[in-house]
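When reading the values below, keep in mind they use all heavy atoms of this one structure, side chains included, and skip hydrogens, waters and symmetry mates.
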Amino acid sequence: PVELVYKSAFLGLRPAYVRTAPNYSVRIGLGAYYAKQNDGEGGKFKLFPDVELSYNAIKKSLIAYGGITGNLQQLTYREQSLENPYLSPTQYLQPTYTPYDIYAGIRGGLFQGFAYDLKGFFYSHIIDMPMFQANAQYTLADRKPYHYDNSYHLIYQDGMSFGAKASIRGKLSHRFHIDASAKVNSYSFDWLREQEWNLPIFTSALSARYRILPAWNIGTSFYWVGARKDIKHTLPTSPIEEVTLDGFFDLNFSTDYTFLKRWTVFADLSNITGAHYQRWTNYPVQGFQVLVGAKYRFNIK
């Protein structure tokens, strides 16, 4: 087998000039990175703007902002495998470069310490955007554990991204905390026939926690992930079959009670709807699950 070796080195600066006043703030900056890869080519300079203007329209309750920025981000196998645990160990990782990302939105504070942020991404140019795609089923004599149509690999595409994100978080009282977000994304690739593989157009999530008594808490969380495109291989020589994974909804509940200061009993109810949805092709999740236990906190001085 061929040993995969990849190395990268980044050296960069993101200087910025910031000016603030009672009703507005301005940041004018520039990002400059020197990136060196082990692909046999020389190092390359990556430049991107970093400019933002914000205006405090209503006492911090309504702040309008907008700007243009960019980024250079090196992928790591650990980060990608946490997102997709079925990623094969045969990846060649390379950085993702965003020359510019134009955005605008409003943010601010609401009653009872709530904060909100509504942000639109109007024009994001992304070079080498990573996407997960199913591996083929190999018919080798000496097959590895990830050669059975059960793993994924990363592909990279250049294109544009458009979308919006809304989030709200805070507390209604010292007992009740809530955190909710929703995001919608659309993509356009340089290769006209390319799809947004395993990139849902819409995602949302909510978590809430309520303290009934000083020692008793309850909480709930749910998230919704929209439909995704993927491919299903039979053999490397067979035509590629495109599949659509349905969107899914996952609801969870938890409670815990602390007694004798150090002991806590808890119960977690996961995937209450019991749906055996597929986050990744050929991997249906478990249905309704219950976890009950106790924890003891040590006091080591």
In a table with atom names and distances, give each donor-acceptor pair under 3.5 Å that connects a side chain of residues 114-126 to protein atoms at least two apart or in another chain.
unit_1	atom_1	unit_2	atom_2	d
Tyr116	OH	Ser61	O	2.7
Asp117	OD1	Tyr65	OH	2.6
Ser124	OG	Asp101	OD1	2.6

Donor-acceptor pairs are to be reported for all side-chain atoms of residues 199-207 against protein atoms at under 3.5 Å, with residues two or more places apart or in another chain.
none

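Here the closest non-hydrogen pair linking Ser54 and Ile63 is CB-CG2, 4.1 Å. Between Gly247 and Trp224, the shortest heavy-atom contact is C-CH2, 3.8 Å. Of all heavy-atom pairs between Pro85 and Trp280, the closest is CD-NE1, 4.2 Å. The minimum heavy-atom distance between Phe266 and Ala294, with the atom names listed, is CE2-N, 3.5 Å. Taking every heavy atom of both residues into account, Tyr77 and Leu87 meet most closely at OH-O, 2.7 Å. Shown here for Tyr103 and Val51, the closest heavy-atom pair between the two residues is OH-O, 4.0 Å.
A donor and an acceptor atom, one from each side chain of Asp256 and Asn217, are located under 3.5 Å apart.
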| field | Stepwise side chain to side chain contact (heavy atoms under 4.5 Å, CB included) test for Ile155 and Met129 | value | CA-CA 8 Å; Ile155 63 172; Met129 180 174 65; over 6 Å; no
| request: Take Asn150 and Tyr86 through the test side chain to side chain contact (heavy atoms under 4.5 Å, CB included) and record every step on the way to the result. | output: CA-CA 7 Å; Asn150 61 348; Tyr86 311 111; over 6 Å; no
| field | From CA spacing to verdict: ring-ring contact (aromatic ring centres under 6.0 Å, His included), Tyr24, Tyr55 | value | CA-CA 4 Å; Tyr24 73 89; Tyr55 176 70; 8.0 Å; no
| Evaluation steps, side chain to side chain contact (heavy atoms under 4.5 Å, CB included), between Phe248 and His276 | CA-CA 9 Å; Phe248 61 86; His276 294 275; over 6 Å; no
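Checked against salt bridge (charged side-chain N to carboxylate O under 4.0 Å, His left out), Asp128 has no partners two or more places apart in sequence or in another chain. Applying the side chain to side chain donor-acceptor pair (under 3.5 Å) criterion to Thr255, with sequence neighbours excluded, gives Trp216. Taking Arg279 as the reference, nothing meets the salt bridge (charged side-chain N to carboxylate O under 4.0 Å, His left out) condition, with sequence neighbours excluded.
Trp263 and Tyr296 have their aromatic ring centers within a separation under 6.0 angstrom.
Between Tyr257 and Thr264, the closest side-chain pair of non-hydrogen atoms is not below 4.5 Å. Between Phe48 and Tyr97 the shortest side-chain heavy-atom distance falls below 4.5 Å. Between Ser254 and Ile218 there is no side-chain heavy-atom pair separated by less than 4.5 Å. In this structure, Tyr277 and Leu245 have side chains that are not in contact, with every pair of non-hydrogen atoms separated by 4.5 Å or more. At least one side-chain heavy atom of Leu154 sits under 4.5 Å from a side-chain heavy atom of Leu93. In this structure the side chain of Phe162 never reaches within 4.5 angstrom of the side chain of Asn185, judged on heavy atoms. Looking at heavy atoms from C-beta onward, Pro99 lies in side-chain contact with Ile127 at the 4.5 angstrom threshold. Counting only heavy atoms from C-beta outward, the side chains of Tyr17 and Arg27 never approach each other to under 4.5 Å.
Between Lys229 and Glu196 no salt bridge is recorded (no basic side-chain N to carboxylate O distance below 4.0 Å). Between Asp179 and Lys171, none of the side-chain N atoms (NZ, or NE/NH1/NH2) sits under 4.0 Å from a carboxylate O, so this pair counts as no salt bridge. Salt-bridge check for Glu52 with Arg107: passed, with a basic side-chain N closer than 4.0 Å to an acidic carboxylate O.
Taken together through direct or relayed side-chain contacts under 4.5 Å among Ile, Leu, Val, Met, Phe, Trp and Tyr, Tyr34 and Leu47 form parts of separate hydrophobic clusters. Ile178 and Phe253 fall within a single hydrophobic cluster, where Ile, Leu, Val, Met, Phe, Trp and Tyr side chains are chained together by heavy-atom contacts under 4.5 Å. At a threshold of 4.5 Å between side-chain heavy atoms, the hydrophobic network of Ile, Leu, Val, Met, Phe, Trp and Tyr places Tyr210 and Phe222 in one connected group. Follow the hydrophobic side-chain contacts under 4.5 Å out from Leu72 and you never reach Tyr92; the two are in separate clusters. Both Leu213 and Val265 are members of a single hydrophobic cluster when ILVMFWY side chains are connected at heavy-atom separations under 4.5 Å.
Between the Thr98 side chain and the Tyr100 main chain, no donor and acceptor come within less than 3.5 Å of each other. His153 places a side-chain N or O within 3.5 Å of a backbone atom of Gln133 that can act as its donor or acceptor partner. In terms of modelled atom types and a separation under 3.5 Å, the side chain of Asn198 and the main chain of Phe132 share a donor-acceptor contact. Counting only distance, with no hydrogens or angles, the side chain of Thr220 and the backbone of Asn252 share a donor-acceptor pair below 3.5 Å. Side-chain N or O atoms of Arg228 include none that pairs as donor or acceptor with a backbone N or O of Thr244 at under 3.5 Å. No donor-acceptor pair under 3.5 Å is formed between the side chain of Tyr33 and the backbone N or O of Asn71. A donor-acceptor pair under 3.5 Å is formed between the side chain of Arg297 and the backbone N or O of Lys261.
From Arg169, atom CZ reaches atom NE2 of His177 across 13.0 Å, with rounding to the nearest 0.5 Å. Summarising the geometry, atom CZ belonging to Phe176 is positioned 14.0 Å from atom CZ belonging to Arg211; distances are rounded to the nearest 0.5 Å. Rounding to the nearest 0.5 angstrom, the gap separating the OG1 atom in Thr90 from the CG atom in Asn135 is 6.0 Å. With rounding to the nearest 0.5 Å, the separation of OG in Ser221 from CG in Asp250 is 7.5 Å.
Between Tyr187 and Phe189, the ring planes lie parallel to each other; the angle is under 30°, not in the 30° to 60° tilted range.
Sorted by first and then second residue, the side chain to side chain donor-acceptor pair (under 3.5 Å) pairs with a member in residues 281-294 read Tyr152-Thr281, Asp230-Thr281; sequence neighbours excluded.
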